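Data block below; observations after.
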Amino acid sequence: MSNRQIIIIALTLVVVIAAVIVSQQRAPQTSKEKTILFPELAERINDVNELVIRDDQNTLTILRAAGSWSIAEADNYPALIDKVKQTVLAVSDLQVISEKTNNPDLYKRLGVEDPGSQGATSHWLTLSGNGDELASLIVGKSRRSKSAAGAPGLYVRVPGQQQALLVEGRLSASADIIQWIRRDIINIEGERVNSVQLRPADRREVVLKRDNPADDLALQDIPEGKEQQSDYLISRMAALLENVYVDGVRKEKNLDFTRPESITNITMFDGLTAHVEVVKSDEHSYARFSFAAQADRPDNKETTGETSPETDAEEEIKPTPEQEAETLNSLVQGWAYRLSTSKAELFNQSLSDLVRDPVSDTTEDTE
(Lines give C-alpha, C1' and ligand atoms only; values in the text may rest on other atoms or scores of the structure.)
Protein backbone atom coordinates (compact mmCIF):
# COMPACT_ATOMS: atom_id res chain seq x y z
CA MET A 1 0.00 0.00 0.00
CA SER A 2 1.42 3.34 -1.03
CA ASN A 3 2.01 6.24 1.32
CA ARG A 4 -0.64 8.21 -0.57
CA GLN A 5 -3.30 5.54 0.15
CA ILE A 6 -2.35 5.41 3.82
CA ILE A 7 -2.71 9.19 4.11
CA ILE A 8 -6.14 9.10 2.42
CA ILE A 9 -7.36 6.33 4.75
CA ALA A 10 -6.10 8.22 7.80
CA LEU A 11 -7.81 11.41 6.71
CA THR A 12 -11.03 9.49 6.09
CA LEU A 13 -10.94 8.02 9.59
CA VAL A 14 -10.40 11.48 11.08
CA VAL A 15 -13.42 12.83 9.18
CA VAL A 16 -15.60 9.88 10.24
CA ILE A 17 -14.60 10.22 13.91
CA ALA A 18 -15.26 13.96 13.82
CA ALA A 19 -18.67 13.39 12.24
CA VAL A 20 -19.60 10.88 14.94
CA ILE A 21 -18.59 13.31 17.69
CA VAL A 22 -20.57 16.18 16.13
CA SER A 23 -23.56 13.88 15.61
CA GLN A 24 -23.55 12.89 19.27
CA GLN A 25 -23.31 16.52 20.35
CA ARG A 26 -26.25 17.42 18.12
CA ALA A 27 -28.34 14.39 19.05
CA PRO A 28 -31.81 15.17 20.41
CA GLN A 29 -31.60 15.91 24.10
CA THR A 30 -34.46 13.48 24.74
CA SER A 31 -32.10 10.61 23.91
CA LYS A 32 -29.76 11.66 26.71
CA GLU A 33 -30.23 10.74 30.31
CA LYS A 34 -32.88 12.91 31.97
CA THR A 35 -32.98 13.86 35.64
CA ILE A 36 -35.98 14.36 37.89
CA LEU A 37 -36.50 18.05 38.65
CA PHE A 38 -37.72 17.43 42.22
CA PRO A 39 -36.36 13.98 43.20
CA GLU A 40 -37.44 14.21 46.86
CA LEU A 41 -41.06 15.05 46.03
CA ALA A 42 -41.92 11.51 44.91
CA GLU A 43 -40.98 10.18 48.35
CA ARG A 44 -43.14 12.77 50.13
CA ILE A 45 -45.99 13.10 47.69
CA ASN A 46 -48.53 12.04 50.32
CA ASP A 47 -47.31 14.81 52.61
CA VAL A 48 -48.45 17.55 50.21
CA ASN A 49 -51.24 19.54 51.87
CA GLU A 50 -50.94 22.95 50.24
CA LEU A 51 -50.72 24.30 46.71
CA VAL A 52 -50.16 28.01 46.13
CA ILE A 53 -50.38 29.46 42.63
CA ARG A 54 -49.55 33.08 41.82
CA ASP A 55 -49.86 35.01 38.58
CA ASP A 56 -49.52 38.72 37.82
CA GLN A 57 -52.86 39.49 39.52
CA ASN A 58 -54.07 36.64 41.71
CA THR A 59 -53.02 34.20 44.40
CA LEU A 60 -54.83 30.89 44.77
CA THR A 61 -54.38 28.71 47.85
CA ILE A 62 -55.61 25.12 47.86
CA LEU A 63 -55.48 23.36 51.22
CA ARG A 64 -56.02 19.79 52.41
CA ALA A 65 -57.77 19.11 55.68
CA ALA A 66 -59.46 15.93 56.91
CA GLY A 67 -58.86 14.24 53.57
CA SER A 68 -60.52 16.89 51.41
CA TRP A 69 -59.18 19.82 49.39
CA SER A 70 -60.62 23.34 49.51
CA ILE A 71 -59.88 26.81 48.13
CA ALA A 72 -59.05 29.45 50.74
CA GLU A 73 -59.95 32.38 48.46
CA ALA A 74 -63.41 30.87 47.87
CA ASP A 75 -64.33 30.57 51.55
CA ASN A 76 -62.90 27.02 51.56
CA TYR A 77 -65.19 25.74 48.82
CA PRO A 78 -64.31 22.17 47.74
CA ALA A 79 -61.67 21.92 45.02
CA LEU A 80 -61.67 19.28 42.29
CA ILE A 81 -59.75 16.47 43.97
CA ASP A 82 -58.75 14.76 40.72
CA LYS A 83 -57.27 17.97 39.35
CA VAL A 84 -55.28 18.59 42.53
CA LYS A 85 -53.87 15.05 42.48
CA GLN A 86 -53.08 15.33 38.79
CA THR A 87 -51.16 18.57 39.37
CA VAL A 88 -49.10 17.16 42.25
CA LEU A 89 -48.22 14.03 40.28
CA ALA A 90 -47.34 16.11 37.22
CA VAL A 91 -44.85 18.17 39.22
CA SER A 92 -43.24 15.02 40.68
CA ASP A 93 -42.86 13.55 37.18
CA LEU A 94 -41.09 16.53 35.58
CA GLN A 95 -37.72 15.57 34.09
CA VAL A 96 -35.04 18.01 33.00
CA ILE A 97 -34.28 17.70 29.28
CA SER A 98 -31.84 20.58 28.88
CA GLU A 99 -30.73 23.95 30.20
CA LYS A 100 -31.91 27.04 28.38
CA THR A 101 -31.17 30.72 28.81
CA ASN A 102 -29.91 32.28 32.03
CA ASN A 103 -30.38 35.78 30.66
CA PRO A 104 -33.31 37.52 32.44
CA ASP A 105 -33.90 39.62 29.33
CA LEU A 106 -34.87 36.45 27.46
CA TYR A 107 -37.15 34.93 30.14
CA LYS A 108 -40.29 36.38 28.58
CA ARG A 109 -39.72 34.40 25.37
CA LEU A 110 -40.07 31.20 27.40
CA GLY A 111 -42.70 32.58 29.78
CA VAL A 112 -40.52 32.09 32.86
CA GLU A 113 -40.30 35.73 33.97
CA ASP A 114 -41.24 36.64 37.54
CA PRO A 115 -45.06 36.46 37.81
CA GLY A 116 -45.13 39.86 39.53
CA SER A 117 -43.50 41.65 36.61
CA GLN A 118 -45.58 43.75 34.24
CA GLY A 119 -47.37 41.76 31.56
CA ALA A 120 -46.11 38.43 32.91
CA THR A 121 -47.77 35.27 31.62
CA SER A 122 -45.98 32.89 33.99
CA HIS A 123 -47.35 31.14 37.09
CA TRP A 124 -45.47 30.46 40.30
CA LEU A 125 -46.50 27.10 41.77
CA THR A 126 -45.43 25.97 45.24
CA LEU A 127 -46.19 22.62 46.90
CA SER A 128 -45.81 22.34 50.66
CA GLY A 129 -46.35 19.64 53.25
CA ASN A 130 -46.08 19.57 57.03
CA GLY A 131 -44.54 23.02 57.03
CA ASP A 132 -41.87 22.15 54.43
CA GLU A 133 -41.62 23.52 50.92
CA LEU A 134 -41.48 20.39 48.75
CA ALA A 135 -41.36 21.96 45.29
CA SER A 136 -41.45 25.44 43.82
CA LEU A 137 -41.21 26.42 40.18
CA ILE A 138 -42.15 29.15 37.75
CA VAL A 139 -44.24 27.54 35.01
CA GLY A 140 -43.74 28.96 31.55
CA LYS A 141 -44.82 28.13 28.01
CA SER A 142 -45.23 24.68 26.52
CA ARG A 143 -42.68 23.64 23.94
CA ARG A 144 -44.03 23.11 20.48
CA SER A 145 -42.63 19.85 19.20
CA LYS A 146 -42.16 19.52 15.44
CA SER A 147 -42.82 15.80 15.76
CA ALA A 148 -46.29 14.57 16.64
CA ALA A 149 -44.63 11.74 18.55
CA GLY A 150 -42.37 14.09 20.47
CA ALA A 151 -42.53 14.07 24.24
CA PRO A 152 -44.44 17.00 25.79
CA GLY A 153 -42.11 19.77 26.87
CA LEU A 154 -42.43 22.74 29.19
CA TYR A 155 -40.20 25.69 30.04
CA VAL A 156 -39.74 26.30 33.76
CA ARG A 157 -37.42 28.06 36.19
CA VAL A 158 -36.77 27.37 39.84
CA PRO A 159 -37.32 30.60 41.83
CA GLY A 160 -34.04 32.14 42.96
CA GLN A 161 -32.12 30.50 40.11
CA GLN A 162 -31.23 32.24 36.85
CA GLN A 163 -31.12 29.10 34.72
CA ALA A 164 -34.27 28.40 32.72
CA LEU A 165 -34.95 24.74 31.94
CA LEU A 166 -36.76 22.65 29.37
CA VAL A 167 -38.52 19.79 31.14
CA GLU A 168 -40.48 16.82 29.91
CA GLY A 169 -44.07 16.66 31.11
CA ARG A 170 -47.43 18.38 31.09
CA LEU A 171 -48.51 20.81 33.80
CA SER A 172 -51.41 23.23 34.00
CA ALA A 173 -51.10 25.90 36.68
CA SER A 174 -53.83 28.53 36.85
CA ALA A 175 -54.67 30.97 39.62
CA ASP A 176 -58.24 31.27 38.33
CA ILE A 177 -60.67 29.80 40.86
CA ILE A 178 -63.10 28.52 38.25
CA GLN A 179 -60.39 26.18 36.92
CA TRP A 180 -60.41 24.34 40.26
CA ILE A 181 -64.10 23.97 41.10
CA ARG A 182 -67.07 22.15 39.66
CA ARG A 183 -68.85 24.75 37.52
CA ASP A 184 -71.89 22.83 36.28
CA ILE A 185 -73.81 22.74 39.55
CA ILE A 186 -77.41 22.47 38.31
CA ASN A 187 -79.03 21.28 35.09
CA ILE A 188 -82.81 20.92 35.18
CA GLU A 189 -84.31 20.74 31.70
CA GLY A 190 -86.66 23.54 30.75
CA GLU A 191 -89.30 21.07 29.55
CA ARG A 192 -89.83 19.98 33.18
CA VAL A 193 -90.89 23.46 34.31
CA ASN A 194 -94.56 23.86 35.16
CA SER A 195 -94.50 27.41 36.57
CA VAL A 196 -92.17 30.29 37.36
CA GLN A 197 -92.91 32.90 40.00
CA LEU A 198 -90.49 35.83 39.94
CA ARG A 199 -90.48 38.61 42.50
CA PRO A 200 -88.02 41.39 41.59
CA ALA A 201 -87.25 43.78 44.45
CA ASP A 202 -89.85 46.57 44.73
CA ARG A 203 -91.49 45.52 41.48
CA ARG A 204 -94.61 43.65 40.46
CA GLU A 205 -94.62 39.86 40.71
CA VAL A 206 -94.25 37.93 37.47
CA VAL A 207 -95.93 34.55 36.94
CA LEU A 208 -95.52 32.20 33.98
CA LYS A 209 -97.39 28.90 33.68
CA ARG A 210 -98.33 26.08 31.37
CA ASP A 211 -100.64 23.09 31.74
CA ASN A 212 -98.42 20.41 30.20
CA PRO A 213 -94.84 20.09 28.97
CA ALA A 214 -95.87 20.29 25.31
CA ASP A 215 -97.23 23.82 25.80
CA ASP A 216 -95.22 27.03 25.87
CA LEU A 217 -94.93 29.01 29.05
CA ALA A 218 -97.50 31.81 29.12
CA LEU A 219 -97.22 35.07 31.00
CA GLN A 220 -100.07 35.61 33.45
CA ASP A 221 -101.91 38.85 34.33
CA ILE A 222 -100.72 40.83 31.33
CA PRO A 223 -101.51 44.55 31.80
CA GLU A 224 -104.28 45.98 29.66
CA GLY A 225 -103.03 47.31 26.35
CA LYS A 226 -99.94 45.08 26.40
CA GLU A 227 -99.10 41.65 25.07
CA GLN A 228 -96.55 38.98 25.88
CA GLN A 229 -93.03 39.55 24.61
CA SER A 230 -91.52 37.33 21.90
CA ASP A 231 -91.90 33.57 22.32
CA TYR A 232 -88.10 33.28 22.40
CA LEU A 233 -87.72 35.50 25.46
CA ILE A 234 -90.58 33.78 27.30
CA SER A 235 -89.19 30.33 26.49
CA ARG A 236 -85.85 31.33 28.01
CA MET A 237 -87.60 31.74 31.36
CA ALA A 238 -88.14 27.97 31.39
CA ALA A 239 -84.37 27.55 31.20
CA LEU A 240 -83.56 29.33 34.46
CA LEU A 241 -82.15 26.13 35.98
CA GLU A 242 -80.80 24.67 32.76
CA ASN A 243 -77.01 24.49 32.40
CA VAL A 244 -76.24 26.68 35.41
CA TYR A 245 -72.49 27.27 35.14
CA VAL A 246 -70.98 29.41 37.87
CA ASP A 247 -68.11 31.90 37.65
CA GLY A 248 -67.26 31.90 41.34
CA VAL A 249 -68.52 30.92 44.77
CA ARG A 250 -68.71 32.34 48.29
CA LYS A 251 -70.12 31.22 51.60
CA GLU A 252 -73.77 32.23 51.84
CA LYS A 253 -73.25 33.75 55.30
CA ASN A 254 -70.62 36.13 53.92
CA LEU A 255 -73.18 37.86 51.68
CA ASP A 256 -76.17 39.98 52.67
CA PHE A 257 -79.39 38.21 51.65
CA THR A 258 -81.70 40.39 53.78
CA ARG A 259 -82.87 42.33 50.70
CA PRO A 260 -82.47 40.15 47.60
CA GLU A 261 -82.61 41.71 44.15
CA SER A 262 -84.99 38.95 43.15
CA ILE A 263 -86.71 35.89 44.58
CA THR A 264 -87.73 33.12 42.20
CA ASN A 265 -89.83 30.02 42.83
CA ILE A 266 -89.88 27.35 40.15
CA THR A 267 -92.14 24.28 40.17
CA MET A 268 -91.56 21.22 38.02
CA PHE A 269 -94.35 18.97 36.72
CA ASP A 270 -93.09 16.10 38.87
CA GLY A 271 -93.30 18.19 42.04
CA LEU A 272 -89.67 19.24 42.48
CA THR A 273 -89.47 22.89 43.54
CA ALA A 274 -86.61 25.39 43.56
CA HIS A 275 -86.25 28.59 45.56
CA VAL A 276 -83.61 31.04 44.29
CA GLU A 277 -82.51 34.35 45.80
CA VAL A 278 -80.14 36.71 43.97
CA VAL A 279 -78.04 39.51 45.48
CA LYS A 280 -75.40 41.86 44.09
CA SER A 281 -71.89 42.02 45.55
CA ASP A 282 -68.86 43.73 44.00
CA GLU A 283 -70.81 44.23 40.77
CA HIS A 284 -71.46 40.49 40.49
CA SER A 285 -74.74 38.58 40.92
CA TYR A 286 -74.71 35.74 43.46
CA ALA A 287 -77.54 33.21 43.85
CA ARG A 288 -78.36 30.80 46.63
CA PHE A 289 -80.51 27.79 45.81
CA SER A 290 -82.71 25.46 47.83
CA PHE A 291 -84.83 22.54 46.64
CA ALA A 292 -87.81 20.64 47.97
CA ALA A 293 -90.62 18.34 46.85
CA GLN A 294 -94.30 19.24 46.95
CA ALA A 295 -95.92 17.07 49.58
CA ASP A 296 -99.44 17.63 48.26
CA ARG A 297 -98.80 17.07 44.56
CA PRO A 298 -101.61 15.00 42.91
CA ASP A 299 -99.35 12.19 41.72
CA ASN A 300 -97.46 11.86 45.00
CA LYS A 301 -96.99 8.16 45.74
CA GLU A 302 -94.78 6.25 48.10
CA THR A 303 -91.71 5.04 46.26
CA THR A 304 -88.84 2.92 47.44
CA GLY A 305 -86.57 3.28 44.43
CA GLU A 306 -87.00 -0.41 43.59
CA THR A 307 -87.93 -1.58 40.12
CA SER A 308 -91.20 -3.35 39.43
CA PRO A 309 -91.16 -6.76 37.71
CA GLU A 310 -92.21 -5.04 34.49
CA THR A 311 -89.31 -2.57 34.61
CA ASP A 312 -86.48 -3.19 32.20
CA ALA A 313 -83.38 -3.87 34.28
CA GLU A 314 -81.29 -1.70 31.97
CA GLU A 315 -83.69 1.24 32.11
CA GLU A 316 -82.38 4.18 34.12
CA ILE A 317 -84.26 4.63 37.37
CA LYS A 318 -85.14 8.28 37.83
CA PRO A 319 -84.85 9.68 41.34
CA THR A 320 -87.99 10.82 43.11
CA PRO A 321 -88.40 14.58 43.67
CA GLU A 322 -87.47 14.00 47.31
CA GLN A 323 -84.27 12.21 46.33
CA GLU A 324 -83.39 14.81 43.71
CA ALA A 325 -83.97 17.67 46.16
CA GLU A 326 -81.74 15.98 48.74
CA THR A 327 -78.93 15.49 46.22
CA LEU A 328 -79.08 19.07 44.98
CA ASN A 329 -79.25 20.54 48.48
CA SER A 330 -76.20 18.51 49.56
CA LEU A 331 -74.25 20.29 46.81
CA VAL A 332 -75.48 23.88 47.15
CA GLN A 333 -76.49 24.25 50.80
CA GLY A 334 -74.58 27.04 52.52
CA TRP A 335 -73.09 28.44 49.31
CA ALA A 336 -73.85 31.35 46.99
CA TYR A 337 -72.78 31.07 43.38
CA ARG A 338 -71.69 33.85 41.07
CA LEU A 339 -73.87 33.69 37.98
CA SER A 340 -72.87 34.42 34.43
CA THR A 341 -74.21 37.72 33.10
CA SER A 342 -76.73 36.04 30.80
CA LYS A 343 -78.15 33.84 33.57
CA ALA A 344 -78.29 36.74 36.05
CA GLU A 345 -80.32 38.76 33.55
CA LEU A 346 -82.99 36.06 33.44
CA PHE A 347 -83.40 36.02 37.22
CA ASN A 348 -83.84 39.79 37.20
CA GLN A 349 -86.54 40.07 34.54
CA SER A 350 -89.42 42.39 35.46
CA LEU A 351 -92.95 42.45 34.08
CA SER A 352 -92.05 45.40 31.84
CA ASP A 353 -89.25 43.30 30.33
CA LEU A 354 -91.70 40.55 29.40
CA VAL A 355 -94.48 42.61 27.77
CA ARG A 356 -94.66 44.92 24.79
CA ASP A 357 -97.11 47.03 22.85
CA PRO A 358 -99.32 44.97 20.53
CA VAL A 359 -97.76 44.14 17.19
CA SER A 360 -100.10 44.79 14.25
CA ASP A 361 -101.05 41.74 12.16
CA THR A 362 -102.00 43.81 9.11
CA THR A 363 -99.69 44.01 6.15
CA GLU A 364 -99.80 46.55 3.40
CA ASP A 365 -101.11 45.31 0.01
CA THR A 366 -98.33 45.96 -2.46
CA GLU A 367 -100.10 44.60 -5.52
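For the numbers below, each heavy atom of this structure counts, side chains included, while hydrogens, waters and symmetry mates do not. Here, residue 1 is the first one in the sequence, and each next residue gets the next number. Note that this is a predicted model, so its numbers are computed, not measured.
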- Query: Has the side chain of E73 got a donor or acceptor atom that lies under 3.5 Å from a matching backbone atom of T61?
  - Reply: yes
Going only through I, L, V, M, F, W and Y residues with side-chain contacts under 4.5 Å, is there a path from L63 to W69? no
query = Is it true that a side-chain atom of Q161 and a backbone atom of V158 form a donor plus acceptor pair closer than 3.5 Å?
reply = no
In this structure, NZ of K141 is separated from CG of L110 (nearest 0.5 Å) by 7.5 Å
Exercise for review: Before giving the answer on side-chain contact (heavy atoms from CB on, under 4.5 Å), spell out for L51 and V84 the whole-Å C-alpha distance, their side-chain angles and the decisive distance to 0.1 Å.
Suggested key: CA-CA 8 Å; L51 284 74; V84 174; 4.0 Å; yes
Sub-3.5 Å donor-acceptor pair from the side chain of E50 to the main-chain atoms of V48, do we have one? no
Does a side-chain heavy-atom distance below 4.5 Å link V88 with I45? yes
Check: Any chance CD of Q163 has more than 12 other-residue heavy atoms, nucleotides or ligands included, within less than 6.0 Å?
Finding: yes
Please examine the side chains of L339 and Y245, heavy atoms only from C-beta on, and report whether any two atoms are closer than 4.5 Å.
no
_Check whether E242 reaches the backbone of G190 with its side chain - one donor and one acceptor, N or O, closer than 3.5 Å._
yes
In terms of heavy-atom contacts, P223 and V355 come closest through CD-CG1, 4.1 Å
- Begin from the C-alpha positions of V139 and L154 and carry the test side-chain contact (heavy atoms from CB on, under 4.5 Å) through to its verdict. CA-CA 8 Å; V139 183; L154 182 71; 4.0 Å; yes
Residue pairs passing the salt bridge (charged side-chain N to carboxylate O under 4.0 Å, His left out) test with at least one member in residues 328-349, sequence neighbours excluded, are none
Nearest heavy-atom approach of G119 to K108 is O-NZ, 2.8 Å
Distance col, row K209:NZ vs N194:CG, nearest 0.5 angstrom, shows 8.0 Å
Interatomic distance, CG@D256 vs NZ@K280, rounded to 0.5 Å, equals 14.5 Å
Donor-acceptor pairs are to be reported for all side-chain atoms of residues 74-81 against protein atoms at under 3.5 Å, with residues two or more places apart or in another chain.
unit_1	atom_1	unit_2	atom_2	d
D75	OD1	N254	ND2	3.4
D75	OD2	K251	N	2.7
D75	OD2	N254	ND2	3.0
Y77	OH	Y337	OH	3.1

Joining Ile, Leu, Val, Met, Phe, Trp and Tyr whenever any side-chain heavy atoms lie under 4.5 Å apart, the cluster holding F257 also takes in L255, V279, Y286
Donor-acceptor pairs under 3.5 Å, side chain of residues 122-136 to any protein atom, not counting sequence neighbours: which ones?
unit_1	atom_1	unit_2	atom_2	d
S122	OG	E113	O	2.6
H123	ND1	A173	O	3.4
W124	NE1	T126	OG1	3.4
W124	NE1	S136	OG	2.8
T126	OG1	S136	OG	3.2
D132	OD2	R44	NH1	3.1
D132	OD2	R44	NH2	3.2

Here the pair of heavy atoms bringing P321 nearest to L272 is O-CD1, 3.7 Å
Residues passing the salt bridge (charged side-chain N to carboxylate O under 4.0 Å, His left out) test with E227, sequence neighbours excluded, are R356
- request: Answer yes if L240 and L331 sit in the same cluster of Ile, Leu, Val, Met, Phe, Trp and Tyr residues linked by side chain heavy atoms under 4.5 Å apart, and no otherwise.
  value: yes
Across all chains, not counting sequence neighbours, the salt bridge (charged side-chain N to carboxylate O under 4.0 Å, His left out) partners of D56 are none
**Request:** Side-chain contact test, heavy atoms from C-beta onward, threshold under 4.5 Å: evaluate it for I53 versus T59 and give yes or no.
**Result:** no
Are there more than 12 heavy atoms of other residues, nucleotides or ligands under 6.0 Å from atom CG of N103?
-> yes
The complete set of side chain to side chain donor-acceptor pair (under 3.5 Å) pairs with one or both residues in residues 324-336, sequence neighbours excluded, reads R192-E324
**Prompt:** Between D176 and I178, is there a donor-acceptor pair closer than 3.5 Å when you use the side chain of the first and the backbone of the second?
**Reply:** yes
Problem - Main-chain N/O of Q179 paired to K83 side chain as donor or acceptor, under 3.5 Å - result: yes
Sorted by chain and residue number, the salt bridge (charged side-chain N to carboxylate O under 4.0 Å, His left out) partners of D357 (sequence neighbours excluded) come out as K226
Do V278 and N348 come close enough that some side-chain heavy atom pair is under 4.5 Å? yes
For P115 and I138, the nearest pair of non-hydrogen atoms, with its separation, is CD-CD1, 4.2 Å
**Message:** If hydrophobic clusters are built by linking Ile, Leu, Val, Met, Phe, Trp and Tyr wherever their side-chain heavy atoms come under 4.5 Å apart, do V112 and V52 end up in the same one?
**Reply:** no
Verdict with reasoning, N187 to V244, per side-chain contact (heavy atoms from CB on, under 4.5 Å): CA-CA 6 Å; N187 185 21; V244 180; over 6 Å; no
Report yes if some heavy atom in the side chain of F291 is under 4.5 Å from a heavy atom in the side chain of T273; otherwise report no. no
One should read off an interatomic distance between L208 CG and L217 CG, to the nearest 0.5 angstrom, of 5.5 Å
**Prompt:** For I234, does its backbone N or O pair with a side-chain atom of D231 as donor and acceptor, under 3.5 Å?
**Reply:** no
Contacts of R64 meeting salt bridge (charged side-chain N to carboxylate O under 4.0 Å, His left out) (sequence neighbours excluded), chain-then-number -> none
Decide yes or no for R250 and S281: does some side-chain heavy atom of the first lie under 4.5 Å from some side-chain heavy atom of the second?
yes
For F269 and D211, the nearest pair of non-hydrogen atoms, with its separation, is CE2-O, 3.5 Å
Salt-bridge contact D114-R157 (side-chain N to carboxylate O under 4.0 Å): yes
Output for pair (L241 CG, L346 CG), nearest 0.5 Å, gives 10.5 Å
Residue set satisfying side chain to side chain contact (heavy atoms under 4.5 Å, CB included) with V96, at least two apart, ordered chain then number -> T35, L37, L165, V167
- Task: Please tell me if the side chains of D353 and Q229 come closer than 4.5 Å, counting only heavy atoms from C-beta onward.
- Result: no
Here the gap from Q95 atom CD to L166 atom CG, rounded to the nearest 0.5 Å, amounts to 11.5 Å
Minimum side-chain heavy-atom gap R203-L351 below 4.5 Å:
no
All heavy atoms of L94 vs all of G169, minimum pair found to be CD2-CA, 4.1 Å
### Task
Using the side-chain contact (heavy atoms from CB on, under 4.5 Å) rule, take I71 and I181 through it: C-alpha gap first, then chi angles, then the decisive distance, then the call.
CA-CA 9 Å; I71 302 173; I181 65 172; 3.4 Å; yes
Side-chain donor or acceptor of D270 paired with backbone N/O of T320 under 3.5 Å = no
Which atom pairs, one a donor and one an acceptor, fall under 3.5 Å between side chains of residues 261-268 and the rest of the protein, sequence neighbours left out?
unit_1	atom_1	unit_2	atom_2	d
S262	OG	F347	O	2.9
N265	OD1	H275	ND1	2.7
N265	ND2	Q197	OE1	3.1

Residues pairing under salt bridge (charged side-chain N to carboxylate O under 4.0 Å, His left out) where one sits in residues 95-107, two or more places apart or in two chains, turn out to be none
### Neighbour count above 12 (heavy atom, 6.0 Å) for N212 CG
yes
